[in-house]
Asker: 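To start, I am sharing the structure in question, which I have written as structure tokens.
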Protein chains: 2
Amino acid sequence: MDMGERKKKILSSVVTEYIVSAEPVGSRNIANKYNLGLSSATIRNEMADLEDMGYLEQPHTSAGRVPSDKGYRMYVNELMNDYELSVRDIKVIKSMMELRLNQLDKLITNAAKVLSELTNYTAVFTAPEFKKGAIKTIELVPIDESSMLIILVTNEGIMKNKRVMLPKSVTPEFITKFSNLLKEKLSGLTIEEISVGKIQEIKQAMQTNFEILFPVLDFITDIIDDVNKETEVYLSGTTNIFNYPEYSDIGRAREFLELLDNKPVIKKAISGNNERRQGKKNAISIKIGGENELDALKNKSIITADYYIGERAVGKLGVIGPTRMDYAKAVKRIERISAYMNKILAELYQNNKGD
Amino acid sequence: MDMGERKKKILSSVVTEYIVSAEPVGSRNIANKYNLGLSSATIRNEMADLEDMGYLEQPHTSAGRVPSDKGYRMYVNELMNDYELSVRDIKVIKSMMELRLNQLDKLITNAAKVLSELTNYTAVFTAPEFKKGAIKTIELVPIDESSMLIILVTNEGIMKNKRVMLPKSVTPEFITKFSNLLKEKLSGLTIEEISVGKIQEIKQAMQTNFEILFPVLDFITDIIDDVNKETEVYLSGTTNIFNYPEYSDIGRAREFLELLDNKPVIKKAISGNNERRQGKKNAISIKIGGENELDALKNKSIITADYYIGERAVGKLGVIGPTRMDYAKAVKRIERISAYMNKILAELYQNNKGD
DNA sequence: ATTAGCACTCAAAAGAGGTGAGTGCTAACA
DNA sequence: TGTTAGCACTCACCTCTTTTGAGTGCTAAT
């Protein structure tokens with residue numbers, strides 16, 4: 001059995017209807033609301049075919065039909081219409097741009113808030129992946145007798161810093177000297193590229209106070225392990241799920257919220273790719289229900305996009321919601337917000353590029 | 001009618017029973033489980049008295065009784081026994097100490113996690129209130145052509161930093177000069193004490209490039225407004241509420257989780273005091289149901305303690321949960337964890353004290 | 001003053017129709 | 001041959017009723 005134009009139209013109607021109603025869709029309903037020029041009986045027959053083909057499912061015999069993951073996939077790939085952003089959407093996203101937040105975490109927090117408010121789903125953002133950026137500057141600043149601040153800046157202009165305790169008391173002069181040594185030895189490398197050999201080399205070059213290397217190494221390890229760092233994942237609108245009937249069951253709501261609490265898992269869940277325009281810039285990845293690896297996500301969909309600093313995709317943003325998601329709207333909003341993110345980040349950091 | 005020993009025993013039994021069962025407590029139940037040497041009929045009479053006096057409430061005529069806020073208050077003030085921390089409690093808390101986290105946010109995140117896991121309630125921590133600490137050092141470090149890092153350290157050793165964009169390009173030498181000027185003018189003041197006059201004074205002392213003052217002022221404003229900063233409140237165990245039958249209703253669960261999402265409100269909610277040992281160090285504050293100002297908290301209880309750096313109470317930690325809370329256990333665990341926090345913070349920062 | 005006993009209350013669980021949206025199938029029709 | 005009207009059938013869900021049982025208040029006896 002093949003998928004004629006008519007079946008496509010009916011499938012599209014069922015998905016569209018189900019996305020707004022959240023109720024199994026019946027043939028009569030489609031016949032009345034969508035002017036397909038067909039009687040309910042014909043639609044009934046076609047829907048039976050669509051069920052056989054795996055695009056629709058029936059919760060029980062006397063209920064209407066619900067799209068399957070395969071049905072949503074077909075809808076997303078071939079059937080859905082482009083959504084035109086509303087004036088309000090455009091305005092809200094634009095005003096986010098105008099806040100001119102020049103702190104990365106604030107920028108992300110704010111963008112996530114905007115995305116979750118516009119879509120009514122849970123927005124997920126990852127912070128720029130720091131470890132793949134080449135080191136431009138490394139700076140050590142004494143804070144007090146027992147601690148100093150390590151500051152790292154990449155070529156892309158992203159900065160990270162951490163206060164570390166000094167293993168023993170050293171003079172500010174020594175710290176400056178050490179700082180210069182690090183800068184000389186590590187500039188141009190990415191964090192990931194720093195090898196044991198490199199560390200040995202630095203150690204050789206130092207005459208004394210090797211201990212001061214340990215907190216620096218700790219910091220580097222910290223950055224490499226950032227998958228496990230809670231601060232690397234930003235969520236907004238976690239309670240939005242309560243707006244959807246699929247989560248009116250307390251068990252499901254709990255499951256979802258506990259999932260969201262587990263940042264490393266979330267990070268993993270959104271880092272895979274499933275792109276329509278594979279590899280291209282501004283590609284959107286959509287994972288529907290069972291297409292997700294994780295069991296807890298088998299009944300959820302995730303839409304993500306990359307955001308860029310220069311040519312490098314440094315982080316992800318997107319939404320998590322029920323498979324019954326308004327894919328068309330969500331995609332457009334994510335596209336627009338990621339475009340703005342790129343623009344803002346370019347303005348903030350681009351001037352550092354390539355030097 | 002006054003509150004005899006017998007009434008107290010019965011009230012205590014009802015509260016104890018209700019804390020574990022979450023079901024309205026009947027007279028027969030008490031007569032059987034608690035060896036008070038009284039028949040259910042007698043207990044029934046006493047419970048009727050306790051209801052008249054406002055310590056107990058009846059959901060409906062044919063149900064058992066439930067403690068009122070006043071009942072819990074009496075229990076907390078006079079009736080409850082000291083809970084002895086279990087070996088596991090002590091071990092878990094101790095192992096938290098042994099992690100030697102020397103980054104404040106990590107320390108707090110971890111302590112919150114421990115508290116929420118031990119109590120099974122939602123743990124709330126506030127970051128140390130920075131604006132009341134006297135400035136010890138202020139440092140400006142150039143990051144790249146268009147930005148610099150402002151680093152502030154208080155007498156207590158707490159540090160904050162922020163990357164700010166330079167309004168116009170300035171030389172590193174100028175930044176150093178400006179840095180020294182700020183240090184000279186602002187040392188010893190608390191953030192709150194920095195006045196417009198002071199700013200004018202700094203401006204007078206500068207010959208050029210006044211614009212560089214603006215990002216510094218932004219930073220200071222940021223710190224003063226920290227009530228509104230999401231990062232200043234740490235939560236852990238937000239999904240713990242799903243363990244309690246009072247939140248098996250989706251509406252209530254939602255209400256609670258939306259409340260927790262609103263950090264400024266949470267901060268306000270825990271910052272009031274209601275202490276048993278007013279003003280004394282290590283005092284525990286307990287707010288039961290209606291004793292809370294906020295409507296959303298009228299059916300919840302909050303237990304908090306202060307934590308200290310030196311002599312100053314810099315932040316709060318505690319739990320939020322249903323009024324049917326195991327007060328005795330929660331109090332002990334909070335006490336122990338705050339004691340550890342104090343110890344760790346003393347070791348980390350105390351050496352800065354007073355210089 | 002305490003308690004056994006009993007009538008009474010009422011939420012919650014269990015059962016019993018009834019309703020209606022929706023289906024699949026058949027036979028008639030264009 | 002594809003489409004549709006018609007009809008019997010299914011089944012979740014709603015409502016109404018009944019049953020159950022934990023718990024109470026009151027009274028009379030100890």
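Every chain is numbered from 1, with letters handed out A, B, ... down the list of sequences.
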Asker: Starting at the 5' end of DNA chain C and moving along, which residue's nearest nucleotide shows up first, B:A41 or A:T61?
Answerer: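 Result of the comparison: B:A41.
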Asker: List in numerical order all residues of residues 62-70 of chain B for which some heavy atom is under 4.0 Å away from an atom belonging to DNA chain C.
Answerer: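 Correct list: B:S62.
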Asker: Identify the pairs formed between an N or O of the protein and an N or O of nucleotides 13-18 of chain C at a distance under 3.5 Å, and give each distance.
Answerer:
none

Asker: Please confirm whether B:Y327 and B:Y83 have ring centers closer than 6.0 angstrom.
Answerer: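 B:Y327 vs B:Y83: aromatic centres not under 6.0 Å.
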Asker: Taking the six-membered ring for Trp, are A:Y247 and A:F242 closer than 6.0 Å centroid to centroid?
Answerer: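 No.
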Asker: Hydrogens and angles aside, do B:N243 and A:R254 bring a side-chain donor and acceptor to less than 3.5 Å of each other?
Answerer: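 B:N243 vs A:R254: donor-acceptor pair found between side chains.
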Asker: Please list, in numerical order, the residues of residues 25-32 of chain B that have a heavy atom closer than 4.0 Å to any atom of DNA chain D.
Answerer: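 Result for residues 25-32 of chain B: B:G26, B:S27, sorted by number.
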Asker: Taking the side chain as everything from C-beta on, heavy atoms only, tell me whether B:E84 gets closer than 4.5 Å to B:K332.
Answerer: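 B:E84 vs B:K332: side chains apart.
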Asker: Here's a test for you: under side chain to side chain contact (heavy atoms under 4.5 Å, CB included), which of A:I320, A:V319, A:I19 qualifies with A:M325?
Answerer: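 The side chain to side chain contact (heavy atoms under 4.5 Å, CB included) with A:M325 is passed solely by A:V319 among A:I320, A:V319, A:I19.
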Asker: When you compare the side chains of A:R44 and A:S27, does any donor N or O come within less than 3.5 Å of an acceptor on the partner?
Answerer: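 Judged by distance alone, the side chains do pair up.
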Asker: Could you tell me how the ring of A:Y244 sits relative to the ring of A:Y121: parallel (under 30°), tilted (30 to 60°) or perpendicular (over 60°)?
Answerer: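 A:Y244 vs A:Y121 ring planes: parallel.
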Asker: Whether the A:S39 and A:T42 side chains hold a donor-acceptor pair (N or O, under 3.5 Å, no angle test) is what I'd like checked.
Answerer: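 Present: a donor and an acceptor within the cut-off.
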Asker: Taking all non-hydrogen atoms of both residues, which atom of B:T122 and which atom of B:T238 are closest, and how far apart?
Answerer: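 Taking B:T122 first and B:T238 second, the nearest heavy atoms are OG1-CA, 3.8 Å.
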Asker: Indicate yes or no: does B:E291 engage B:K298 in a salt bridge with an N to O separation below 4.0 Å.
Answerer: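 Salt bridge flag = no for B:K298 with B:E291.
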Asker: What are the two closest non-hydrogen atoms of B:L235 and B:L260, and how far apart are they?
Answerer: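 Nearest pair, atom of B:L235 first, then B:L260: CD1-O, 3.3 Å.
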Asker: For A:F256, is the NZ or CZ atom of A:K300 found under 6.0 angstrom from the centre of its six-membered ring and inside 45 degrees of the ring axis?
Answerer: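 That pair qualifies as a cation-pi contact.
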Asker: Check step by step if salt bridge (Lys or Arg N to Asp or Glu O under 4.0 Å) holds for B:R6 and B:E46.
Answerer: CA-CA 8 Å; B:R6 196 167 73 177; B:E46 295 286 44; 2.7 Å; yes
Asker: Which part of the nucleic acid does A:T42 contact within heavy-atom distance under 4.0 Å: base, sugar-phosphate only, or nothing?
Answerer: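 Base contact.
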Asker: At a heavy-atom distance below 4.0 Å, which nucleotide of DNA chain D is the first touched by chain B, and which is the last?
Answerer: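 So the contact region on DNA chain D extends D:dA22 to D:dG25.
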Asker: Work out which heavy atom in A:G289 is nearest to a heavy atom in A:S301; give both atom names and the distance.
Answerer: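 Looking at all heavy atoms of both residues, the closest pair is N-OG, 3.6 Å.
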Asker: Strictly below 4.0 Å, heavy-atom distances to any atom of DNA chain C: list the hits from residues 10-17 of chain A, or just say none.
Answerer: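 Residues of residues 10-17 of chain A that come under 4.0 Å of DNA chain C do not exist, since none gets that close.
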Asker: Go through the structure and list residues passing ring-ring contact (aromatic ring centres under 6.0 Å, His included) with B:Y18, not counting sequence neighbours.
Answerer: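 If we apply the ring-ring contact (aromatic ring centres under 6.0 Å, His included) test to B:Y18, skipping adjacent residues, there are no hits.
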